[in-house]
Amino acid sequence: MKLEFLFVPTADLKASLALYRDGLGFTESWREGDATVALALPGTDVQLMLDAHDPAAPVGPVFVVESVEAFHAARPESLTVVEAPSEIPGGFQATYRDPGGATLYVMDQSTEQNPS
């Protein structure tokens, strides 16, 4: 299990980029369409993922695991399932709530095709 992203939903991607990239100096790592941008956080391998698909979604860490299905089957009982494993581009994702009410996301890249 590796912390890969801090997921930050936004209602205004342009304004969020102005703050994090232009104001704070984070470096843009990649984009997916017009609604998702990842920014490198200085001094760490973790990225900030700004996403405008669902501005009301909770902020939370995104952990990468080898298999979301295996994680889901073996997860601690204290994690409440918010969203069961579902397919996303390149793999699967599930959403949980910890005992304190914080949201965490778990994803894998199990279906991602590696170029030959």
Side-chain angles (χ1 to χ4, degrees):
M1 181 174 231
K2 178 185 175 206
L3 178 59
E4 190 78 17
F5 302 106
L6 176 57
F7 177 67
V8 179
T10 178
D12 188 338
L13 186 60
K14 186 176 178 180
S16 293
L17 280 171
L19 169 64
Y20 292 105
R21 184 189 60 202
D22 306 334
L24 297 176
F26 296 177
T27 305
E28 190 171 318
S29 299
W30 54 265
R31 284 178 179 255
E32 186 175 300
D34 293 329
T36 306
V37 178
L39 303 167
L41 296 174
T44 179
D45 291 335
V46 177
Q47 296 179 356
L48 184 74
M49 184 192 316
L50 301 173
D51 187 272
H53 285 103
D54 181 2
V59 171
V62 178
F63 294 97
V64 172
V65 296
E66 195 166 316
S67 167
V68 168
E69 291 288 341
F71 176 87
H72 186 73
R75 77 186 184 286
E77 288 183 23
S78 59
L79 284 179
T80 301
V81 177
V82 175
E83 191 173 307
S86 61
E87 195 163 0
I88 59 171
F92 292 86
Q93 177 178 307
T95 307
Y96 303 93
R97 188 166 299 111
D98 75 12
T103 299
L104 61 104
Y105 303 89
V106 178
M107 66 172 280
D108 68 35
Q109 297 171 331
S110 61
T111 62
E112 185 173 65
Q113 297 295 320
N114 294 323
S116 302

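These values consider heavy atoms only, across backbone and side chains, with no hydrogens, waters or symmetry-generated copies.
Considering every non-hydrogen atom in both Thr10 and Ser16, the closest pair reads OG1-OG, 2.7 Å. Of all the heavy atoms in Ser29 and Gln47, the pair that sits closest is OG-NE2, 3.6 Å. Across all non-hydrogen atoms, the minimal contact from Val68 to Val65 is N-CG2, 3.8 Å. Contact between Leu79 and Phe71 at its shortest, heavy atoms only, is CD1-CZ, 3.9 Å. Contact record, Pro58 with Tyr105: O-OH, 2.6 Å, taken as the closest heavy-atom pair. The two residues Pro55 and Ala52 make their nearest non-hydrogen contact at CD-O, 3.8 Å.
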List the steps and the verdict of side-chain contact (heavy atoms from CB on, under 4.5 Å) for Phe63 and Leu3.
CA-CA 4 Å; Phe63 294 97; Leu3 178 59; 3.9 Å; yes
Could you check Leu17 against Val37 for side-chain contact (heavy atoms from CB on, under 4.5 Å), going step by step and ending with a plain yes or no?
CA-CA 8 Å; Leu17 280 171; Val37 178; 3.8 Å; yes
Starting from the C-alpha separation in whole Å, work towards a yes-or-no answer on side-chain contact (heavy atoms from CB on, under 4.5 Å) for Tyr96 and Val81.
CA-CA 5 Å; Tyr96 303 93; Val81 177; 3.9 Å; yes
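Other residues, nucleotides and ligands contribute over 12 non-hydrogen atoms within 6.0 Å of the CG atom of Asp22. In this structure, Arg97 places its CZ atom where only 12 or fewer heavy-atom neighbours from other residues, nucleotides or ligands lie under 6.0 Å away. For Glu28, the CD atom counts as densely surrounded, since its 6.0 Å shell holds more than 12 non-hydrogen atoms of other residues, nucleotides or ligands. Around CG of Asp34, the count of heavy atoms belonging to other residues, nucleotides or ligands within 6.0 Å does not exceed 12.
With rounding to the nearest 0.5 angstrom, the CZ atom of Phe7 is 7.0 Å from the CE atom of Met49. Distance NZ/Lys14 to CG/Leu50: 15.0 Å, rounded to 0.5 Å. Rounding to the nearest 0.5 angstrom, the gap separating the CG atom in Leu6 from the CG atom in Leu48 is 5.5 Å. Here the straight-line distance linking atom CG of Leu39 with atom CZ of Phe5 works out to 11.0 Å at 0.5 Å rounding. A distance of 10.0 Å separates CG of Leu13 from NE2 of His53, quoted to the nearest 0.5 Å.
Counting heavy atoms from C-beta on, the side chains of Pro9 and Asp54 never come closer than 4.5 Å. Using a 4.5 Å heavy-atom threshold, the side chains of Thr103 and Val59 count as separate.
With hydrophobic clusters built from ILVMFWY side chains whose heavy atoms lie under 4.5 angstrom apart, Val64 shares a cluster with Trp30. Placement of Leu41 and Leu24 within a single hydrophobic cluster is found when ILVMFWY residues are connected by side-chain heavy-atom separations under 4.5 Å, directly or transitively.
Put simply, the residue from His72, Met107, Gln93 that forms a side-chain contact (heavy atoms from CB on, under 4.5 Å) with Pro85 is His72.
A donor-acceptor pair is defined here as one N or O able to donate and one able to accept, closer than 3.5 Å; such a pair exists between the side chain of Asp108 and the backbone of Phe92.
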